Amino acid sequence: MPSMLRAACAPGSEPSAWQYEKTATEFLKQRVRRWLGHSRYGRKWIRVERNREKQMIDLHTGTPWESVTFTALGTNRDIFFSILQEARELALRQQEGKTVMYTAMGAEWRPFGFPRRRRPLASVVLDEGIAERIVQDVQEFITSPQWYSDRGIPYRRGYLLYGPPGCGKSSFITALAGELQYSICLLSLSDRSLSDDRLNHLLSAAPQQSIVLLEDVDAAFVSRDLAAENPTAYQGMGRLTFSGLLNALDGVASTEARIVFMTTNHVDRLDPALVRPGRVDLKQYVGPCSRWQLTHMFQRFYPEQSWAAAERFADQALAVSDQLSAAQVQGHFMLHKADPPGAITDVGALAPWAKAWGPGPVRAKATVSATVPGRLKSLEELPGPSVLRCLYWYLLRGYLLHMHDLQGIFKQRYGSLWKQHTGPYMTVNVACPELLEQILRQEGRFPTRCDMALWKEHRDLRGQAYGPLTE
Ligand SMILES: Nc1ncnc2c1ncn2[C@@H]1O[C@H](COP(=O)(O)OP(=O)(O)OP(=O)(O)O)[C@@H](O)[C@H]1O
C-alpha cells in the first residue's frame with residue numbers, strides 16, 4: 001500500500017512554527033524541482049504532487065495555500081520524516097549567522113525575505129564611545145531579569161536614536177541585533193491598518209529574542225503642541241491613536257522582556273510623553289561625522305593606509321563640511337575604492353553632497369532639490385514612446401524578449417527618466433544612479449516589492465532565482 005504524507009504549506013499561528021513551515025516549504029519546493037526530472041530520494045522512488053488550493057488563500061497576503069503530497073511504495077513511513085527532518089535542518093542552517101527580519105502581517109509577525117548575514121558591529125562607526133555605551137546597556141538589561149523582578153520593575157527597555165539621515169541609526173540597530181543574535185521586528189507606525197489593539201497584540205506577540213524597531217516615529221505622530229495646528233496628524237494616520245501607542249509601550253497590558261528601539265530625524269517633533277523614562281530609557285544622538293569617526297572610517301575602509309593619512313583625510317573632510325553623514329563618506333570611499341590617496345585629494349567632491357544631504361528640515365525636500373532644480377515634471381510631461389511605438393519595438397523590432405537592450409536604446413533617446421507601456425502597464429524607467437538613490441532613500445529601508453506571482457512561478461519551474469524585482 002502506498003503511504004502518503006501531506007505537508008501543508010498554510011501559515012500557522014505561531015511565528016516560529018510558521019517560519020519553520022515556510023522554509024520547509026521552500027526546501028520541499030526545491031526538492032520538487034529536482035524530482036521533476038528524477039523522482040528519487042535515497043533509494044526510494046517518490047511521486048511528488050504540488051497543488052495550489054483554488055478556494056483558499058491567505059487573507060493577509062493573498063497567497064494561495066499550497067500542499068505538497070509525496071507518495072511512495074511500501075509501508076515504511078520513515079522516509080517522509082527524514083525528508084522533513086532534512087528540511088528542518090536546512091531551515092535552521094539557513095539562519096545560522098544571520099539576522100531574521102520580521103514584519104507585521106495581520107496579527108502576527110512573519111519573516112521578511114531571507115535572513116540577512118549579520119552585520120559586524122565594528123562596521124558601523126559611531127562617534128567615540130556611543131556604540132559601547134548602548135551595547136553595554138542592552139547587555140546589562142538582557143542579563144538581569146531577576147534584578148527587574150526583585151524590584152517589581154517591568155522588564156522592558158526603550159531606546160531612542162535620533163539625528164540626521166544617513167548617520168547610522170538603523171545600521172547600528174541591525175548590527176546590534178546581529179551581535180546579540182537577536183532578530184528584528186520592524187513596525188511602521190504610519191501603517192494605516194495599524195490599530196491600538198493590533199499594536200498592543202503585536203508588541204506582546206513579538207518573537208523571543210527580538211528587537212522591536214519603530215522607525216521614523218515622528219512620521220506618525222507629532223508633539224501635542226504641533227498637534228494643535230494639525231489635529232489629524234496628532235490622531236495618527238491610521239486607526240492608531242497616540243494614547244494607544246503610549247499604552248502599548250508601557251500600559252498594563254504590555255508584556256515583559258521587551259527591547260524597543262525607536263529612530264527619528266526630528267526629535268524635537270516628538271511628544272515628551274513618548275520619550276519619557278519608562279518608554280525611552282536611553283536617548284542617543286547619532287550625528288554627522290566627527291574627526292574621530294572620519295579617521296576610523298578611513299582606517300576601516302583602507303586598512304593598509306597609515307594613521308597619519310586617515311587623520312589628513314579627516315581634517316580635509318571637516319574643512320569641507322562639519323555636517324557630513326557617514327553614508328556620504330562611505331559613498332565617497334566607494335568612488336575611490338582602489339585609490340585611497342584619491343579619496344583624500346578629491347575630498348572636495350563631498351561638498352555638493354554635504355549641501356544637498358546635510359541635515360536639513362525635511363529629507364524628502366532636500367533630496368528632490370539635489371538633482372532636480374526647478375519645477376518637477378508630472379507623469380504626463382515625462383518623455384517616452386507611445387503605446388504604438390512600444391508595440392513596434394517589442395513586436396516588429398523583436399525586442400520583446402530583450403527588454404534590457406531596449407532600455408539602453410530608450411535611455412539614449414529619452415534621457416534618464418522615461419515612461420514606457422507594456423500591455424496594460426505603464427512603467428516609469430529610472431536609469432541614473434543619483435535618481436535611483438533618491439528613490440531608494442525615500443521608499444524606506446525594507447521596501448515591499450510587488451509579488452509578481454507569475455514571474456516567480458516561471459522562475460520556480462526553471463529553478464532560477466527571483467532577482468531584484470521581487471526581493
Ligand atoms: N556610522 C556609520 N558607519 C558605517 N556606515 C554607515 C554609518 N552610518 C551610515 N552608514 C552607511 O550609510 C547607509 C545609511 O545608513 P543608515 O540607514 O543606518 O542611516 P540612518 O541614520 O538610519 O538614516 P535614516 O535617518 O535615513 O534612517 C548604510 O549603507 C550604512 O552602511
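Counting convention: from 1, in listed order, for ligands and their atoms alike. For the numbers below, each heavy atom of this structure counts, side chains included, while hydrogens, waters and symmetry mates do not. It should be emphasised that the depicted structure is a prediction, and the values quoted were computed from it without experimental measurement.
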Counting each atom of ligand 1 from 1 as listed, which ones have a heavy atom of Val125 under 4.0 Å away?
1 (N), 2 (C), 3 (N), 4 (C)
Whether Thr263 lies under 4.0 Å from ligand 1, heavy atom
no
Say whether, by atom type as modelled, one donor and one acceptor occur between the side chain of Asn429 and the main chain of Lys419 under 3.5 angstrom.
no
Quick one: sort the Phe301 and Phe333 rings into parallel, tilted or perpendicular, breaks at 30° and 60°.
tilted
Are any of the N or O atoms of Ser171 closer than 3.5 Å to those of ligand 1?
yes
Report the C-alpha separation of Arg276 and Asp250 in whole Å, then their side-chain angles, then the decisive distance to 0.1 Å, and conclude whether the salt bridge (Lys or Arg N to Asp or Glu O under 4.0 Å) test is met.
CA-CA 11 Å; Arg276 73 137 170 79; Asp250 73 347; 2.7 Å; yes
Glu304, CD: over 12 other non-hydrogen atoms inside 6.0 angstrom
yes
Does atom CZ of Arg151 have more than 12 heavy-atom neighbours from other groups under 6.0 Å away?
yes
Below 4.0 angstrom from a heavy atom of Asn265, which ligand 1 atoms are there? Numbered from 1 as shown, please.
25 (O)
Kindly say whether Gly106 contributes a backbone atom to a donor-acceptor pair with the side chain of Arg198 at under 3.5 angstrom?
yes
Does Cys167, backbone or side chain, put an N or O under 3.5 Å from an N or O of ligand 1?
yes
May I ask which of Ala175, Ala122, Gly166, Ala131 has a heavy atom nearer to atom 9 (C) of ligand 1 than the others do?
Gly166
Between the side chains of Asp137 and Tyr159, is a donor N or O closer than 3.5 angstrom to an acceptor N or O?
yes
With atoms numbered from 1 as shown, which atoms in ligand 1 lie under 4.0 angstrom from a non-hydrogen atom of Val124?
1 (N), 2 (C), 3 (N), 4 (C)
Closest candidate by heavy atom, reference atom 4 (C) of ligand 1, pool Ala326, Ser123, Gly168:
Ser123
As an exercise, identify every atom of ligand 1 less than 4.0 angstrom from a heavy atom of Leu126.
1 (N)
Could you pull out, from Arg119, Lys169, His266, the option with a heavy atom nearest to atom 31 (O) of ligand 1?
Arg119
